[in-house]
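Read the structure below first, then the notes.
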Number of protein chains: 2
Amino acid sequence: MTMTIGELGKATGTKVETVRYYERIGLLPAPPRTGGNYRSYAAAELGRLSFIRRARDLGFSLDQVRALLSLSDDRARDCATVDALARDHLAEVERKIADLQALRRELAAIIASCGGGTVADCRIIEALGPGRVA
Amino acid sequence: MTMTIGELGKATGTKVETVRYYERIGLLPAPPRTGGNYRSYAAAELGRLSFIRRARDLGFSLDQVRALLSLSDDRARDCATVDALARDHLAEVERKIADLQALRRELAAIIASCGGGTVADCRIIEALGPGRVA
DNA sequence: ATGCACCCTGTAGTCCCTACAGGGTCAAGG
DNA sequence: CCTTGACCCTGTAGGGACTACAGGGTGCAT
């Protein structure tokens, strides 16, 4: 039930160097080592690393990822703190969803108009333009 | 109807240095200069820069942003190319929306359980964990 | 005419990886 | 057994995307 750093990387789409980097900066715990000094990961690290990678892909900084992980790590924290942190992130998540939905609409429109043979009415910039409350 | 780099930055939430950086790497066109050698931006750049910033915030690389902008810039491109590019990006956008919706669900659950006084059932990592088709 | 806020061009630093270099581990095949 | 190849180790250096000065010019308002 344990795996090497290469297996962990493959399972999460992460380069081996990146896994070691996350360990160095304290985002992943240092795993136990084998007799040959190889890192030996348990299944729990797979979930944690997967979360980190996807949150990064969604545009969250490592500091934000750290904060999100702390929601899961720090069971000891008082509820008011957890609640405020979660609310902040929820607002940001909802803003991102709205932006992505606008982008999706414009991409779909481009695909549709291409099917119709015209490229004229491309409003993709307007999808994420300044014309809404930032 | 023109603005300084500082006004453009303020309107789009971009640091002045970042605007100049985008110009240097060719993401923004070099604007005309005033007599005093100040950059003088037209309204169109506001939309373009706003698009860049929001796409970056959604986790797209500058190369991807360049590709998205080309959908709007290159009216000359043939439809098949534009269509393929748009379809690729649409798929990625939809994946991101799904991930963000999963994250939203878990954040909402945390907030709800905090209201109820418990922090015990935090599944935030599972929201973006490996348990789905990547 | 003199601040003061803003602009200019550099260059160097930060954050987040990513790619070697130089070397050790280990299971498989000869 | 011993070698070979795929993997692992610890560095350190490079790249992408900003960000922060330093040193200097512009322009309006007092």
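Here is how names work: the chains are called A, B, and so on, in the same order as the sequence lines, proteins then strands, and each is numbered from 1.
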task = Could you tell me whether a side-chain N or O of B/Arg48 sits under 3.5 Å from a main-chain N or O of B/Leu27, the two making a donor and an acceptor?
result = yes
request  = Starting at atom CD1 of A/Ile5, determine the distance to atom P of C/dT25, rounded to an integer number of angstrom.
outcome  = 17 Å
query = In Å and rounded to the nearest 0.5 Å, what is the CG to CZ distance from B/Leu103 to A/Arg54?
reply = 10.5 Å
message = Please report the distance, rounded to the nearest Å, between CZ in B/Arg39 and P in C/dC7.
response = 10 Å
inquiry  = Quick check for you: name the first and last nucleotides of DNA chain D, 5' to 3', having an atom under 4.0 Å from a heavy atom of chain A.
reply    = D/dC7 to D/dT10
ask   = Counting only N and O atoms by type, is there a donor-acceptor contact under 3.5 Å from the side chain of B/Lys96 to the main-chain atoms of B/Leu58?
value = yes
key: Joint hydrophobic cluster, B/Tyr21 plus B/Tyr38, side-chain heavy atoms closer than 4.5 Å   = no
key: Main-chain N/O of A/Leu8 paired with A/Thr12 side-chain donor or acceptor, under 3.5 Å   = yes
query = If you find the nucleotide of DNA chain D closest to B/Asp63 and the one closest to A/Asn37, which residue's nucleotide is nearer the 5' end?
reply = A/Asn37
request  = Between B/Gly6 and A/Gly35, just flag the one whose closest nucleotide in DNA chain C comes earlier from the 5' side.
outcome  = B/Gly6
message = Testing the 3.5 Å rule here: is there a donor-acceptor pair between the side chains of B/Arg53 and B/Tyr22?
response = yes
key: Within residues 9-34 of chain A, residues whose heavy atoms come under 4.0 Å of DNA chain D   = A/Arg20, A/Arg33
key: Any donor-acceptor pair under 3.5 Å from A/Ser70 side chain to A/Asp73 backbone   = no
key: Under-4.0 Å salt bridge between A/Glu7 and A/Lys10   = no
query = Within this structure, what is the CZ-to-P distance between A/Arg66 and C/dC15, rounded to whole angstrom?
reply = 11 Å
